[in-house]
Amino acid sequence: MYKVLTGVLDPDSVEDELEMATVRHRPEALELLEAQSKFTKKELQILYRGFKNECPSGVVNEETFKEIYSQFFPQGDSTTYAHFLFNAFDTDHNGAVSFEDFIKGLSILLRGTVQEKLNWAFNLYDINKDGYITKEEMLDIMKAIYDMMGKCTYPVLKEDAPRQHVETFFQKMDKNKDGVVTIDEFIESCQKDENIMRSMQLFENVI
């Protein structure tokens, strides 16, 4: 999703349109977003222009989100992963992602600290938002990623590859062996294990 919008982050090519973008989005709202994100006001103006081009109504529903996202993964089926990603951006769970929702998530993913990115990733994996990641939730996300990347990307993978991947990760993360992974277990495991951290870097490439 953000690859569509950040594609317009070329200040030289849109200099003449910044004024119009500012008018469309109240300046005080941009100033508030600037304070809440890691983007400059100018970057926010450019991102808003891209957002409005893709989503003239000013909000993105799940179907539109899926359509935009599918453009980047034509070799696979990105529908399920886009669903989970949409829910992670839709922080107030009202069925729509506003420009503000989008910028807050994008700010973390592009410019957040490792801790902030891992917090965001935990929220993505915690599908039912109960504060824990179960093995089934992790497997659902992993299957969605494998489906999205497509068989032409990973032609030699076995059908049970996502499950094997999850078994390995979950065993490392579930420190107290209670069948769920807390945010503390998740962050500690990711920071201590280079293999898990490399996988987290992969996820940045498919967001």
Sequence neighbours excluded, which residues qualify as ring pair (Phe, Tyr, Trp, His ring centres under 6.0 Å) partners of F170?
none
Could you give the distance from OG1 (T91) to CH2 (W120), rounded to the nearest 0.5 Å?
10.5 Å
How long is the span from the OG1 atom in T40 to the CD1 atom in I46, to the nearest 0.5 Å?
7.5 Å
Classify the ring geometry of F89 against F65: parallel below 30°, tilted from 30° to 60°, perpendicular beyond 60°.
tilted
pair L47-F39: side-chain heavy atoms closer than 4.5 Å:
yes
Go through the structure and list residues passing side chain to side chain donor-acceptor pair (under 3.5 Å) with K143, not counting sequence neighbours.
none
Heavy-atom closest pair, residues V166 and M142:
CG2-CB, 3.8 Å
Minimum heavy-atom separation for S189 and K172, please, with both atom names.
OG-O, 3.7 Å
Would you say the side chain of T79 lies within less than 4.5 Å of the side chain of F73, judging by non-hydrogen atoms?
no
Could I get the full list of side chain to side chain contact (heavy atoms under 4.5 Å, CB included) partners for E136, not counting sequence neighbours?
T134
All salt bridge (charged side-chain N to carboxylate O under 4.0 Å, His left out) counterparts of K38, not counting sequence neighbours:
E116
Side-chain donor/acceptor of E34 to backbone N/O of L44, under 3.5 Å
no
What is the minimum heavy-atom distance between L139 and R163, and which atoms define it?
CD2-NH2, 3.2 Å
What residues, two or more places apart in sequence or in another chain, satisfy side chain to side chain contact (heavy atoms under 4.5 Å, CB included) together with Y132?
D130, V180, T182
Does the side chain of D90 come within less than 4.5 Å of E62's, by heavy atoms?
no
Give, for atom CG of D147 and atom OG1 of T80, the distance between the pair rounded to the nearest 0.5 Å.
6.0 Å
Is any side-chain heavy atom of Q171 less than 4.5 Å from a side-chain heavy atom of K177?
yes
Listed partners of D101 passing side chain to side chain donor-acceptor pair (under 3.5 Å), at least two apart
S98
What residues form a side chain to side chain contact (heavy atoms under 4.5 Å, CB included) with S70, not counting sequence neighbours?
S78
Intermediate values then yes/no, side chain to side chain contact (heavy atoms under 4.5 Å, CB included), F186 and I133:
CA-CA 9 Å; F186 181 80; I133 299 173; 3.9 Å; yes
Contacts of K175 that satisfy side chain to side chain donor-acceptor pair (under 3.5 Å) - sequence neighbours left out:
none
Would you sort out whether Y125 and M138 count as a side chain to side chain contact (heavy atoms under 4.5 Å, CB included), showing the intermediate values?
CA-CA 6 Å; Y125 279 101; M138 191 176 283; 4.0 Å; yes
Side chain to side chain contact (heavy atoms under 4.5 Å, CB included) between L33 and F99, worked out
CA-CA 10 Å; L33 264 184; F99 180 65; 3.7 Å; yes
Tell me every residue that passes salt bridge (charged side-chain N to carboxylate O under 4.0 Å, His left out) with E67, counting only those two or more places apart in sequence or in another chain.
none
Testing the basics here: between N87 and H93, what is the closest heavy-atom pair and its distance to 0.1 Å?
O-CE1, 4.1 Å
Are F122 and D184 close enough, and set up right, to give a side chain to side chain contact (heavy atoms under 4.5 Å, CB included), and what steps lead you there?
CA-CA 10 Å; F122 181 88; D184 290 338; over 6 Å; no
Q115: which residues meet the side chain to side chain contact (heavy atoms under 4.5 Å, CB included) condition with it, sequence neighbours left out?
T113, N119, I187, Q191
CD1 (I103) and CD (Q36) are apart, to the nearest 0.5 Å, by 11.0 Å
Please find the pair of heavy atoms, one from D174 and one from G179, that lie closest to each other, and give the distance.
OD2-N, 2.8 Å
Spacing of T64 atom OG1 and F86 atom CZ [to the nearest 0.5 Å]
8.5 Å
Does any non-hydrogen side-chain atom of I141 lie less than 4.5 Å from one of I127?
yes
On a heavy-atom basis, which atom in K117 and which in L109 lie closest, and how many Å separate them?
CE-O, 3.3 Å
Taking only residues two or more places apart in sequence, or in another chain, which ones meet E188 in a side chain to side chain donor-acceptor pair (under 3.5 Å)?
K192
Under the salt bridge (charged side-chain N to carboxylate O under 4.0 Å, His left out) test, which residues partner K104, sequence neighbours left out?
none
Check the orientation of F51 and Y48. Use parallel for under 30°, tilted for 30 to 60°, and perpendicular for over 60°.
parallel
Value for CZ (R49) from CD (E54), rounded to nearest 0.5 Å, stands at 11.0 Å
